[in-house]
Amino acid sequence: MRALSANLFAVLLMCALASVFYVWSALENRLERHKRGFSVPDGGSFHQGPSEDLSAKTFRALLAVPAAQRQNSAGRSKAQNRTNPSAFVGSRDYHVNGDDERSAQREGPVKLGYPVDDGIFWSNWLEDLLPVRFTEGYAEAWRSKARTSPVVKLEPGCGRISNQLATFADGTKACVRYGINADQVQGETLTYYLASLLGITNLPPLVLSQLNGDSAQWVAVRTRVNNLQWSDRAVVSLTEWISNLTGVVTPAPLRQESGGLLPALGCFENKTTAELLELMQWSDLIVFDYLTANFDRLVSNLFSLQWDPHVMERDTNNLLKTPHGDLVFIDNEAGLVHGFRVLNMWEKYHHSVLSSVCVFRRRTMQRVAELHRRRDSRQRLLELYRDSEPLSQELGFLSDAHAAVLQDRIDQLYKHIMQCKEKYNQL
């Protein structure tokens with residue numbers, strides 16, 4: 001009888017915690033959406049507005065952050081910082097040349113042939129219609145400028161109150177992320193450089209900066225920094241602010257009631273070219289979030305289906321879209337470091353999402369295959385990070401254990417691709 005009572009109590013406790021999670025998640029999402037100014041017909045811009053700092057209060061955050069870190073987070077003000085994507089005001093020239101021509105070709109039904117080659121790869125003609133979003137040259141120029149531009153204003157506008165929208169002396173803007181624990185800035189920064197290794201260009205440029213009230217970059221906002229109680233010499237991230245973005249709903253083939261993005265299921269019938277291009281970017285996103293174990297995008301939606309059957313019908317967390325239909329992967333703080341710490345909690349959902357996709361971008365898969373073959377993901381990521389970011393030593397890198405997790409996920413992804421190829425190669 002005692003055992004029965006104990007089991008009943010455990011079930012009731014889990015239900016209560018689940019209810020708290022659902023209520024807080026809905027409240028957090030509503031607050032974030034309420035503060036956002038999505039683009040309007042007269043050309044107004046999108047930005048992530050301020051929200052109440054729920055990061056340390058929500059059940060979602062408490063669920064994800066290990067208890068030891070929660071207890072020590074107050075004393076870790078030098079912990080890392082992270083940023084949501086942002087961009088220079090009025091800056092939309094981040095594509096390669098040919099946007100107008102490509103945009104015209106995107107409209108209307110498919111006219112150039114079947115969208116999949118060799119069973120599992122998006123066709124070359126479709127790849128040619130999707131320009132590089134943030135070219136290497138553009139990102140390098142932005143990072144160089146952002147490292148030295150004086151910040152003249154800090155204000156709410158990048159999600160949580162611990163983050164700030166920074167205005168540079170020339171009027172351009174960036175999001176500043178001051179992390180609530182030691183994983184966040186490091187996770188987002190390393191996620192950005194992993195995307196570069198994979199050739200995924202959907203992430204806005206990112207740089208690190210060290211808070212110093214006497215430095216030329218921060219002296220004009222010294223009072224504001226003090227009022228925010230940001231620690232001196234803490235490392236923060238600056239991410240380009242991008243205007244005129246809108247939310248993105250999970251496409252039908254990737255919802256639970258569908259069979260997935262699989263070559264044999266007729267996913268591509270009656271799709272416009274624009275819809276196919278978006279699905280192609282989603283395939284990159286799912287691969288990328290699997291590698292980084294980022295649970296705060298599609299995976300969290302899948303988890304929330306237990307209580308919210310309509311979650312897939314609303315905008316996906318941390319994913320936005322330009323007027324041209326290019327997806328922008330924002331707010332990647334849950335990737336790599338933090339995602340790996342809580343991997344056991346989310347792995348079955350990561351696996352479920354990855355299993356729903358068997359169509360890939362050829363160039364992304366070529367890089368995955370190379371990292372699998374050479375087994376040097378740690379070395380290559382570290383070299384790119386250190387060569388590109390002057391503050392890499394201050395922020396640190398993956399632990400040996402987490403580097404091993406990354407390589408293992410690359411190997412598992414490669415195995416999944418080979419299974420897809422074996423199954424669908426004859427189509």
Inset, instruction - Sort and list the pairs that fulfil disulfide (SG to SG under 2.5 Å) and have at least one residue in residues 286-359, not counting sequence neighbours. - result: Cys358-Cys420
Legend entry - Residue pair Leu327 / Glu278, side-chain heavy-atom distance below 4.5 Å: yes
Inset, instruction - Answer whether the closest heavy-atom distance between the side chains of Asn332 and Arg297 falls below 4.5 Å. - result: yes
Legend entry - Contact check, side chains of Lys321 and Asp326, non-hydrogen atoms, under 4.5 Å: no
Legend entry - Expected output: side-chain Ser304 to main-chain Ser300 donor-acceptor under 3.5 Å: yes
Legend entry - Polar contact flag, side-chain donor to acceptor under 3.5 angstrom, Gln366-Glu370: no
Legend entry - N/O donor-acceptor pair under 3.5 Å between Gln407 side chain and Ser377 backbone: yes
Inset, instruction - Apply side chain to side chain contact (heavy atoms under 4.5 Å, CB included) to Trp218 and Val236, showing your working. - result: CA-CA 12 Å; Trp218 296 101; Val236 299; 4.0 Å; yes
Inset, instruction - Would you kindly say whether Lys173 and Thr167 are connected by a side-chain donor-acceptor distance under 3.5 Å? - result: yes
Inset, instruction - Rounded to the nearest 0.5 Å, what's the gap from CH2 on Trp142 to CZ on Arg147? Could you check? - result: 9.5 Å
Inset, instruction - For the residue pair Leu381 and Leu398, establish whether any side-chain heavy-atom pair is separated by less than 4.5 Å. - result: yes
Inset, instruction - Output yes when a side-chain donor or acceptor of Glu383 lies under 3.5 Å from a complementary backbone atom of Arg380, and no otherwise. - result: no
Inset, instruction - Could you check whether the rings of Tyr178 and Trp230 sit parallel, tilted or perpendicular, using 30° and 60° as the cut-offs? - result: parallel
Inset, instruction - Heavy atoms only: give me the nearest Pro205-Tyr192 pair and the separation to one decimal. - result: CA-OH, 3.6 Å
Inset, instruction - Report yes or no: do Thr148 and Gln217 form a side-chain donor-acceptor pair below 3.5 Å? - result: no
Legend entry - Arg409 charged N/C atom sitting above Tyr290 aromatic ring, 6.0 Å / 45°: yes
Inset, instruction - Compare every heavy atom of Phe329 with every heavy atom of Pro204, then report the nearest pair and how far apart it is. - result: CD-O, 3.8 Å
Inset, instruction - Please determine, by modelled atom types, if His310 and Glu313 share a side-chain donor-acceptor pair under 3.5 angstrom. - result: yes
Inset, instruction - Report yes if some heavy atom in the side chain of Asp411 is under 4.5 Å from a heavy atom in the side chain of Arg375; otherwise report no. - result: yes
Legend entry - Non-hydrogen side-chain atoms of Arg367 and Arg361 separated by less than 4.5 Å: no
Legend entry - Within-4.5 Å side-chain heavy-atom neighbours: Pro150 and Phe168: no
Inset, instruction - Please round to the nearest 0.5 Å and tell me the distance separating atom CG of Leu276 and atom CG of Leu129. - result: 10.0 Å
Legend entry - Pair Phe288 and Trp282, ring centroids less than 6.0 Å apart: no
Legend entry - Side-chain donor or acceptor of Gln281 paired with backbone N/O of Leu277 under 3.5 Å: yes
Inset, instruction - Apply ring pair (Phe, Tyr, Trp, His ring centres under 6.0 Å) to Phe340 and list each qualifying residue two or more places apart in sequence or on a separate chain. - result: His402
Legend entry - Glu140 backbone acceptor or donor facing Ser144 side chain under 3.5 Å: no
Inset, instruction - Answer yes or no: is there a side-chain heavy-atom contact under 4.5 Å between Leu211 and Arg233? - result: no
Legend entry - Backbone N/O of Val116 and side chain of Ser123: donor-acceptor pair under 3.5 Å: yes
Inset, instruction - Give me the one residue out of Asn301, Leu320, Val249 that meets side chain to side chain contact (heavy atoms under 4.5 Å, CB included) with Asp315. - result: Val249
Legend entry - Donor + acceptor pair across side chains of Thr191, Thr292 (<3.5 Å): no
Inset, instruction - Please work out which of the three classes, parallel, tilted or perpendicular, describes the rings of Tyr193 and Tyr385, given edges at 30° and 60°. - result: tilted
Legend entry - Pairs touching residues 281-326 that satisfy disulfide (SG to SG under 2.5 Å), sequence neighbours left out: none
Inset, instruction - Determine yes or no for a side-chain-to-main-chain donor-acceptor pair under 3.5 angstrom, with Thr316 supplying the side chain and Val248 the backbone. - result: yes
Inset, instruction - Describe, in one word, how the ring planes of Phe134 and Tyr138 are oriented to each other, choosing from parallel (under 30°), tilted (30 to 60°) and perpendicular (over 60°). - result: tilted
